[in-house]
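Heads up: the structure comes next, in structure tokens.
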Amino acid sequence: MANLRKTVCALAASALVLSACGGPAGGTDDKRPVVLTTFTVLADIASNVAGDKLRVESITKPGAEIHGYEPTPDDIKKAAKADLILDNGLNLEAWFARFVKESDAPHKVVSEGVQPIAIGEDAYQGKPNPHAWMSPKNVGIYVDNMVKAFSELSSGDAAVFKANGDAYKAKLQGVQDEMTNALSALPKNERALVTCEGAFSYLARDTGLTERYIWAVNAEQQATPQQITRAIGFVKENKVPAVFCESTVSDAPMRQVVSATGATFGGVLFVDSLSGPDGPVPTYLDLIRHDSKTIVAALTGAKP
């Protein structure tokens with residue numbers, strides 16, 4: 001395996017170093033340890049903890065669907081150069097076990113210690129909902145795991161990682177408080193979050209929302225008539241004023257729910273990927289704020 005790593009590194013020596021979200025970073029003179037994450041949300045969180053002491057990269061690019069991702073030869077090259085690989089775990093990265101075999105780098109599951117919420121229906125019933133990062137409280141656990149892993153990777157910078165982690169967790173608490181306060185004002189019948197994917201179980205738990213969705217996990221290719229009918233029934237029964245869909249999937253099934261119920265399409269929510277730097281959610285904190293404001297505005301009929 002070590003020979004494989006050396007061979008692949010040699011092949012990749014002339015390639016540009018990629019930044020956290022897939023763009024060019026520094027040149028080949030950058031000697032900082034490389035931390036490779038499976039998707040952009042983790043890359044942003046890790047960058048806040050690492051500061052300028054580590055070089056953080058993401059395997060996937062902004063806007064990519066993470067569940068059914070297929071690693072490329074370039075991804076294998078990145079893994080061969082990595083000093084540490086971070087993955088979410090909770091069955092999110094179905095492709096990861098096969099992928100990581102191609103790298104000698106140690107890896108850390110950043111959701112370790114999170115209390116998982118089980119998926120309640122469909123083919124994934126009983127399995128943990130992987131979207132634990134949609135709770136800022138859970139991301140505080142992610143941060144603690146990153147601080148520990150980074151300190152083992154670069155022990156001389158442990159105090160920096162700890163300070164960065166504490167500062168970022170304070171920001172997470174601020175976002176959690178903003179979100180909880182905004183959503184707490186909603187009337188009972190409006191405290192329902194209906195989305196394409198069941199990605200909001202942790203957010204719903206933390207904010208007192210009732211979650212419903214068309215399908216449980218984005219790995220499914222398309223919505224079934226039964227899934228759409230079930231969503232329509234819930235929206236009608238509870239007079240839910242608005243419904244939503246995620247940025248990485250087609251909203252066509254949810255548009256059928258809108259047509260059948262008269263509910264408003266409340267907007268696009270971000271879950272599995274950040275946007276580019278000029279987009280609406282270039283950071284994780286932006287993502288959570290965007291989703292919270294979009295949900296509140298649509299359910300209350302207010303302007304975002």
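In this chain, residues are counted from 1 in sequence order.
Looking at heavy atoms from C-beta onward, V257 lies in side-chain contact with I214 at the 4.5 angstrom threshold. The shortest side-chain heavy-atom distance between V271 and T248 does not fall under the 4.5 Å cut-off. Put simply, the side chain of N88 reaches to within 4.5 Å of the side chain of F39, judged on heavy atoms. Side-chain atoms of M134 and V139, non-hydrogen and from C-beta on, never get closer than 4.5 Å to each other. M254 is listed as a side-chain neighbour of V194, based on a closest heavy-atom distance under 4.5 Å. Taking the side chain as every heavy atom from C-beta outward, V143 and L172 approach each other to under 4.5 Å. The closest side-chain heavy-atom distance from T195 to V243 is not below 4.5 Å. Counting only heavy atoms from C-beta outward, the side chains of Q256 and I232 never approach each other to under 4.5 Å.
By the ring pair (Phe, Tyr, Trp, His ring centres under 6.0 Å) test, Y202 pairs with no residue at all, sequence neighbours left out. Under the rule for a ring pair (Phe, Tyr, Trp, His ring centres under 6.0 Å), the partners of F161 that lie at least two apart in sequence or sit in another chain are F150.
The two residues L183 and V296 come nearest to each other via the heavy atoms CD2-CG2, 3.1 Å. Smallest separation of non-hydrogen atoms from L36 and A82: CB-CB, 3.9 Å. P116 and L90 get closest at one heavy-atom pair: CB-CD2, 4.2 Å. Shown here for A79 and A105, the closest heavy-atom pair between the two residues is O-CB, 4.4 Å. Contact record, P130 with G89: CB-O, 4.4 Å, taken as the closest heavy-atom pair. When all heavy atoms of I141 and G113 are compared, the pair lying nearest together is CD1-O, 3.9 Å.
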Run the numbers on V110 and D87 for side chain to side chain contact (heavy atoms under 4.5 Å, CB included), then give the verdict.
CA-CA 6 Å; V110 295; D87 67 297; over 6 Å; no
Can you list the steps and then say if L193 with R212 is a side chain to side chain contact (heavy atoms under 4.5 Å, CB included)?
CA-CA 6 Å; L193 181 56; R212 288 294 185 275; over 6 Å; no
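Both L186 and I288 are assigned to one and the same hydrophobic cluster, defined by single-linkage of ILVMFWY side chains at heavy-atom distances under 4.5 Å. If you chain together hydrophobic residues whose side chains sit under 4.5 Å apart, V34 and V147 never meet in one group.
Ion pairing of D74 with K78 is absent here, as no side-chain N (NZ or NE/NH1/NH2) approaches a carboxylate O to less than 4.0 Å. A salt bridge links K169 with D144: the closest approach of a Lys/Arg side-chain nitrogen to an acidic carboxylate oxygen falls below 4.0 angstrom.
Applying the disulfide (SG to SG under 2.5 Å) test to pairs two or more places apart or on separate chains, those with a residue in residues 132-199 are C196-C245.
Donor-acceptor pairing under 3.5 Å is lacking for the side chains of T294 and D291. Y284 and N48 are not linked by any side-chain donor-acceptor pair at a separation below 3.5 angstrom, with hydrogens and angles left out of the test. If you check the side chains of D44 and T283, you find no donor sitting under 3.5 Å from an acceptor.
Ring centroids of H290 and F270 are separated by less than 6.0 Å, placing the two rings close together.
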